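First comes the structure, then the notes that go with it.
We name chains A, B, ... by the order of the sequence lines, and we start the count at 1 in each one. This structure is a prediction, so every number in the text was calculated from the model and none was measured.
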Amino acid sequence: MSKPSIPRGTRDFGPKIMAKRKYILNTIEQVYQSFGFMPLETPSMENLSTLTGKYGAEGDQLLFKVLNSGDYLKDISADKFESKILTPLISEKGLRYDLTVPLARYVVMNQNEVTFPFKRYQMQPVWRADRPQKGRYREFWQCDADVLGTPSLLCEADFVKIYRQVFAKLKLTGYEIRINHRKLLEVVVEKADASTHFKTITIIIDKADKIGIEGVKNELINLGLNENQTTVILSLLNKQAFNAANLANIKSALPNTENANKAIGDLTQLLELLNHQTDFVYLDGSLARGLDYYTGCIFEVVPTDVQMGSISGGGRYDDLTGIFGLKGISGIGISFGIDRIYDVMEELNIFPADGTKFTDVLFCCMDEKAFAYCLPLADDLRLNGIKTEVYPDTSKLKKQLDYANAKNISWAVIIGENEMNNNQLAIKNLVSGEQELIDKNALTLFLEKL
RNA sequence: GUAGUCAUAGCUCAGUUGGUUAGAGCAUCGGUUUGUGGUACCGAGGGUCGUGGGUUCGAGCCCCAUUGAUUACCCCA
């Protein structure tokens, strides 16, 4: 027998971990719903025609492809045995790579049924055939919310509020919401006369957190930019308070172009929609986001008390559904990285204490007759919202209490001959060690008042 | 795709310049206690030292290959 294992880059989530993950997921879901977002789930598999070409050449490499069913080589002749030719012949499905493309596909397929603006949230795993490393997996969860079909900046404001509510509920206070505008980047790169390298430059700028200003400068020079050009671009890379004065400063430093006015206009309007309440919010010129479909405001949330990358990101995109033939739908979306939020909360130790408690009461039966005696009592407790289980064997009491300890159960109800003869129960508090005899019918009341 | 590190009991790991029968803690099971746990004591089970080859009188340890894990780069959440 070989030892069992799971594929690299995948994980099991045991009961204790699941309790904490559910706590995060439920919190996010609750907040999404409170803003009027509705759930959507899509299949784990999409047609490869839906997926390929949407994530760039690198992304296509990272797609998990699913072999066709049955004898998939039956009609393939030997001259087709070259991966480029063979792959499309034997695989027509792939695992989804993110939740955004499936959303676009869904909306286009159901455009006559969905009501715009379409507000949906989706919390499902996605797969990437990446090489796993710290904080990077081949199967991981995304928790997206998007609004499709309106250019209104009210959506941007809502997402800022969603961030604040989610992290307030999770009692996570050390974080920053960083905001930037994609067109601001475009204007600055234009001003530096380096537009041909726009995409590469955004990727470099996005690394500013990691490699520092000097690192960015070096990479820009390696790209072939001169001293003037890098200076112009580097002038953008500071983080500052999100307020009207700073926006005015930025505006005065930029040429009076359509893009510049649009970017500053959007950010100003967002500031007003937030009623100038900018707790946790910063304007960060170095925020770029790697994905190139963003066209407007972009967001990122970074924890400040823990050394960790972003725990959420998102932004506005103008033409997501265009790739599937539905033009002119502006949208905006964000995504929480639940795995990283988990790590941050674990490190700060801010999960609620009773998070791993699944059972309140354990019935310990000393003989077979005790089962009949306690089963109705257990049912009654459950109906009253008390999580109850009956130890299924008449094992030695030590073993039953060990089980209760292992599951962090706080109450044991012990039933043997003595208790049954007197219509009583021995109820033991496993935290304090105290034990008392109570009347059989008083159990629910006894536990309810706690 | 590139580079480094690692692989010994269910888990976490010791194991000396190569030298007798490969150890510990935790976990599991049994006992001290026919019905009272977290602590203590006693005992038991559990290993092809990732796999294959080589060097040697002798390999967990050295060499080569291979597989897997992990970390960094590229890219990304």
Side-chain angles (χ1 to χ4, degrees), chain A residues 1-12 14 55-63 96-100 123-144 199-200 202-204 206-207 209-211 215 219 288-292 299-303 308-315 333-344 362-367 370 391 394-421 425-437:
Chain A
M1 254 320 250
S2 63
K3 280 189 193 178
S5 62
I6 55 175
R8 63 194 316 203
T10 66
R11 295 159 294 168
D12 287 322
Y55 309 103
E58 297 245 9
D60 284 355
Q61 296 287 316
L62 298 180
L63 288 173
R96 64 166 170 258
Y97 180 89
D98 67 4
L99 302 178
T100 309
M123 310 198 293
Q124 289 187 281
V126 301
W127 293 269
R128 296 183 188 179
D130 208 352
R131 192 163 293 203
Q133 50 185 273
K134 191 178 177 62
R136 254 172 100 171
Y137 305 95
R138 299 211 293 183
E139 178 186 67
F140 62 98
W141 284 65
Q142 291 190 335
C143 309
D144 285 23
K199 202 184 162 187
T200 317
T202 58
I203 290 172
I204 295 173
D206 209 34
K207 290 193 283 193
D209 250 7
K210 207 188 221 173
I211 60 179
E219 292 212 17
R289 309 281 307 155
L291 294 169
D292 54 356
F299 304 107
E300 203 159 273
V301 179
V302 181
M308 176 100 52
S310 66
I311 51 180
S312 179
I334 62 167
S335 181
F336 285 94
I338 179 191
D339 299 289
R340 285 186 180 173
I341 294 175
Y342 178 96
D343 289 342
V344 171
L362 177 71
F363 281 92
C364 304
C365 295
M366 302 319 300
D367 58 41
Y391 195 87
T394 57
S395 308
K396 292 173 62 167
L397 192 52
K398 172 176 160 51
K399 194 172 173 184
Q400 301 197 34
L401 292 177
D402 278 342
Y403 174 83
N405 286 331
K407 286 188 76 170
N408 211 3
I409 298 173
S410 18
W411 294 93
V413 176
I414 301 162
I415 301 162
E417 229 171 295
N418 294 343
E419 286 81 6
M420 286 190 278
N421 288 339
L425 301 163
I427 181 160
K428 184 181 180 77
N429 182 321
L430 292 172
V431 180
S432 67
E434 284 165 24
Q435 180 173 334
E436 58 181 300
L437 278 170

Please give me the minimum heavy-atom distance between [X] and [Y], naming the atom from each residue.
X        : Y        : value
A:Val344 : A:Pro303 : CG2-CG, 4.0 Å
A:Val431 : A:Asn429 : N-OD1, 2.7 Å
A:Ala288 : A:Thr202 : CB-O, 3.4 Å
A:Glu300 : A:Ser310 : CG-CB, 3.4 Å
A:Ala129 : A:Gln61  : CB-O, 4.5 Å

Using the [atom1] atom in both, what is the distance from [N] to [M], to the nearest Å?
N     : M     : atom1 : value
B:G54 : B:C11 : C1'   : 34 Å
B:U12 : B:G50 : P     : 14 Å
B:C42 : B:A59 : C1'   : 37 Å
B:G47 : B:G1  : C1'   : 38 Å
B:C74 : B:G15 : C1'   : 39 Å
B:A22 : B:U16 : P     : 15 Å
B:G45 : B:U2  : C1'   : 47 Å
B:G60 : B:A69 : P     : 26 Å

* To do: Would you sketch RNA chain B in dot-bracket for me? Only Watson-Crick or G-U wobble pairs with both distances under 3.5 Å count, crossing pairs as [ ], other-strand pairs as |, the rest as dots.
  => (((((((..((((.....[...)))).(((((.......))))).....(((((..]....))))))))))))....
Looking at residues at least two apart in the chain, or sitting in another chain, which of them share a side-chain contact (heavy atoms from CB on, under 4.5 Å) with [X]?
X        : result
A:Gln435 : A:Ile414, A:Ala426, A:Lys428
A:Met420 : A:Asp367, A:Lys369, A:Ala370, A:Tyr373, A:Ile415
A:Ser312 : A:Tyr163, A:Val301, A:Phe336
A:Gln124 : A:Glu41, A:Thr42, A:Arg96, A:Leu99, A:Gln122

Identify, with sequence neighbours excluded, every residue that meets ring-ring contact (aromatic ring centres under 6.0 Å, His included) alongside [X].
X        : answer
A:Tyr137 : none
A:Tyr391 : A:Tyr403
A:Trp141 : none

Heavy atoms under 4.0 Å, any strand shown: does [X] hit a base, just sugar-phosphate, or nothing?
X        : value
A:Arg128 : base
A:Ser310 : sugar-phosphate
A:Asn405 : base
A:Tyr403 : nothing
A:Asp98  : nothing
A:Leu62  : nothing
A:Gly416 : base
A:Glu419 : base
A:Glu417 : base

* Which residues in residues 425-435 of chain A have at least one heavy atom lying under 4.0 Å from any atom of RNA chain B? ->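 Contacts with RNA chain B under 4.0 Å: A:Lys428, A:Asn429, A:Leu430, A:Val431, A:Gly433, A:Gln435.
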* Asked: Is a side-chain N or O of A:Arg138 found less than 3.5 angstrom from the main chain of A:Pro132, in a donor-acceptor match?
  ->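 No, the answer is negative, given that no donor and acceptor are paired below the 3.5 Å cut-off.
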* Spell out, as yes or no, whether a donor-acceptor pair under 3.5 Å connects the side chain of A:Glu139 to the backbone of A:Arg11. =>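 No, A:Glu139 side chain to A:Arg11 backbone: no donor-acceptor pair under 3.5 Å.
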Of the nucleotides [options], which has the atom closest to the [X] side chain?
X        : options             : answer
A:Asn418 : B:C75, B:G37, B:G35 : B:G35
A:Arg8   : B:G35, B:A69, B:C75 : B:A69
A:Lys134 : B:A77, B:U71, B:C76 : B:U71
A:Asp402 : B:G37, B:G35, B:C75 : B:G37
A:Lys399 : B:C76, B:C29, B:U36 : B:C29

* To do: Starting at atom CD1 of A:Ile334, determine the distance to atom P of B:A77, rounded to an integer number of angstrom.
  => 14 Å
* Can you tell me the distance, in whole Å, between the CH2 atom of A:Trp127 and the P atom of B:A77? => 17 Å
Identify the pairs formed between an N or O of the protein and an N or O of nucleotides 2-6 of chain B at a distance under 3.5 Å, and give each distance.
| residue | atom | partner | partner atom | Å |
| --- | --- | --- | --- | --- |
| B:U2 | O4 | A:Arg131 | NH1 | 3.1 |

[X] vs [N]: side-chain N/O to OP1/OP2 distance below 4.0 Å:
X        : N     : result
A:Arg136 : B:A77 : no
A:Gln133 : B:A72 : yes
A:Lys207 : B:C75 : yes

* Asked: Closer to the 5' end of RNA chain B via nearest nucleotide, is it A:Met366 or A:Glu219?
  -> A:Met366
* To do: Could you say whether A:Ser395 or A:Pro7 is positioned toward the 5' end of RNA chain B, judged by the nucleotide with the nearest heavy atom to each?
  =>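 The answer here is A:Ser395.
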* Asked: Got a second to check how far A:Ile311's CD1 is from A:Ser335's OG, nearest 0.5 Å?
  -> 12.0 Å
Below 3.5 Å between N/O atoms, which protein atoms pair up with nucleotides 31-34 of chain B? Just atom names and distances, please.
| residue | atom | partner | partner atom | Å |
| --- | --- | --- | --- | --- |
| B:G31 | OP2 | A:Lys396 | NZ | 3.3 |

* Picking from A:Phe140, A:Trp127, A:Tyr55, what satisfies ring pair (Phe, Tyr, Trp, His ring centres under 6.0 Å) with A:Tyr97? -> A:Tyr55
* Sorted by first residue and then second, give each salt bridge (charged side-chain N to carboxylate O under 4.0 Å, His left out) pair with at least one member in residues 394-406 of chain A; sequence neighbours left out. => A:Lys398-A:Asp402
